[in-house]
There are 2 protein chains.
Amino acid sequence: MSPRKSAVETAATRTRIIECALTLASAEGLEGVTIGRLATELGMSKAGVIGHFGTKEALQLATLDAAVEKFADRVPARAAGADPGVDRLTRAFDEWIAYMADEGHGGCFLTSVATEFDGRPGPVRDAVLAALSRWSDYAAAELRTAVDAGDLPPDTDVDQLVFELGGVGLAAGQAIQLHRDPAAPERARRAIDRLLGR
Amino acid sequence: MSPRKSAVETAATRTRIIECALTLASAEGLEGVTIGRLATELGMSKAGVIGHFGTKEALQLATLDAAVEKFADRVPARAAGADPGVDRLTRAFDEWIAYMADEGHGGCFLTSVATEFDGRPGPVRDAVLAALSRWSDYAAAELRTAVDAGDLPPDTDVDQLVFELGGVGLAAGQAIQLHRDPAAPERARRAIDRLLGR
DNA sequence: CCTACCGATCGGTAGG
DNA sequence: CCTACCGATCGGTAGG
């Protein structure tokens with residue numbers, strides 16, 4: 001850390017690095033974010049970049065953390081105003097799909113990193129797993145509320161439904177990122193409406 | 001190429017390299033397959049490895065090609081004996097799921113590479129897109145047969161159904177590779193049976 | 001936060 | 001198919 005900069009400035013630089021890492025990782029994957037490239041892109045030295053994190057793995061974890069926080073601020077947060085149960089979950093999935101379709105995100109950061117690290121044990125894989133589990137738990141809780149409210153049949157298999165809803169999200173992500181299919185969001189919404197009995 | 005080896009031996013070495021690349025790529029991604037690591041793993045020199053392909057990109061394309069061929073030999077080929085339409089498609093998806101659950105494949109090679117290269121334009125991305133389109137076309141054709149045979153409603157939206165079936169496959173892949181959930185194949189089969197009205 | 005540097009590895013080539 | 005080599009880049013450190 002520079003003794004010439006205030007703590008506020010140091011934190012701002014750290015944020016700049018992470019924002020840049022998010023952009024690079026969207027295109028090249030989290031492993032493809034190199035310290036040298038971040039330094040060039042930000043007009044800093046490599047030592048200046050890595051000094052904020054210590055190791056590349058710590059930088060990866062910080063980047064992932066920022067992505068998870070952005071997702072939480074956008075998706076569940078915007079659905080929080082809707083009625084618990086089917087309404088809120090429909091709204092949350094709509095937000096997820098809109099988030100993936102947004103330019104600049106490079107689709108769903110979380111699902112990309114999940115694929116990238118599913119065969120590489122370690123802290124990054126663990127963190128991805130934890131973040132996805134939180135999202136699954138959120139969906140399962142809303143589904144149970146919907147069952148209790150009578151908006152879904154009492155014999156609903158909640159875990160099965162979470163699995164299938166997740167599949168729709170993954171299909172939407174692939175259709176958007178790989179096939180660049182403009183119909184993808186609409187297809188995803190239709191699938192979700194059917195799964196939630198609307 | 002070595003002047004001391006026959007064409008048969010040369011082809012066998014090429015196959016060995018590609019097999020090794022498939023194994024490495026299952027864990028580390030296609031970009032993570034380095035020429036040096038292949039050389040070490042195979043007990044060859046780097047020049048000996050790259051000589052068979054010319055460039056790393058050509059090696060990636062050859063590896064992807066081999067994966068596509070393996071998939072075609074296993075999945076649609078084993079379903080070919082079933083009755084066209086719902087039966088054959090159900091069988092094909094069962095084979096796909098079993099293929100993903102098999103140890104050693106590292107899940108579905110094709111879907112991993114699809115995520116890895118969805119943001120990197122170039123020949124590899126194009127080849128992945130082509131392979132996935134072939135699979136989608138296959139599913140769509142079987143679905144149309146099923147509609148014509150009256151096994152699916154006449155107003156079936158075939159493209160929508162292909163989208164949703166693909167989502168189930170992606171969900172199964174993630175559940176197997178990341179969550180290591182032994183219930184994943186069964187969940188996927190249940191979802192597919194429901195989508196195909198069984 | 002920088003300069004200067006480390007050993008390791010990258011993809012690839014020349015020449016045999 | 002090998003040895004020997006190329007310039008570039010990797011993650012990271014020492015010292016200021």
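First the proteins, then the strands, lettered A, B, ... as listed; each starts at 1.
The distance from atom CD of E57(A) to atom C1' of dC10(D) is 16 Å, rounded to the nearest whole Å. Following rounding to the nearest Å, M44(A) (CE) and dT3(C) (P) show an atom-to-atom distance of 11 Å. Between E28(A) atom CD and dT9(D) atom C1' there is a gap of 14 Å when expressed in whole angstrom units. When rounded to the nearest whole Å, the span between CG of L30(A) and C1' of dC10(D) equals 16 Å. Summarising the geometry, the separation between CG on L24(B) and C1' on dT9(C) is reported as 15 Å, rounded to the nearest angstrom. One interatomic measurement links the two molecules: CZ of F53(A) to C1' of dC1(C), which rounds to 14 Å at whole-angstrom precision. Here dC10(D) presents its C1' atom at 16 Å from CZ of R37(B), a figure rounded to the nearest Å. Going from atom CD of E9(B) over to atom P of dC2(D) covers 13 Å, rounded to whole Å.
Checked by atom type and distance alone, the side chain of R189(B) never pairs as donor or acceptor with a backbone atom of D94(B) at under 3.5 Å. Not one N or O on the side chain of Q60(B) forms a donor-acceptor pair closer than 3.5 Å with the backbone of V124(B). In terms of modelled atom types and a separation under 3.5 Å, the side chain of E164(A) and the main chain of V168(B) share no donor-acceptor contact. Side-chain N or O atoms of R125(B) include none that pairs as donor or acceptor with a backbone N or O of G119(B) at under 3.5 Å.
Less than 6.0 angstrom separates the ring centroid of F71(B) from the ring centroid of Y99(B).
One donor-acceptor pair, N or O on each side, does fall under 3.5 Å between the base of dG11(D) and the side chain of K46(A).
Base pairing of dC10(D) is made with dG7(C), judged by Watson-Crick or G-U wobble geometry with both donor-acceptor distances under 3.5 Å. Across the strands present, dC1(C) finds its partner in dG16(D); the criterion is a Watson-Crick or G-U wobble pair with both atom distances under 3.5 angstrom.
Of the candidate nucleotides dG12(D), dA14(C), dC1(C), dG12(D) has the atom nearest to the side chain of I35(A). Comparing dT13(C), dC2(C), dG12(D) by their nearest atom to the side chain of I50(B) picks out dT13(C). Comparing dC1(D), dG12(D), dC2(D) against the side chain of K56(A) picks out dG12(D) as the nearest. Relative to the side chain of S45(A), the nucleotides dT3(C), dA14(C), dC1(D) differ in distance, and dT3(C) lies closest.
T34(A) comes within contact range of the sugar-phosphate backbone alone, with a heavy-atom separation under 4.0 Å but no base atom that close.
Positionally, the nearest nucleotide of DNA chain D for R14(B) lies more toward the 5' end than for the other of R14(B) and G54(A).
Considering only side-chain N and O atoms, T13(A) lies under 4.0 angstrom from the phosphate OP1 or OP2 of dC1(C).
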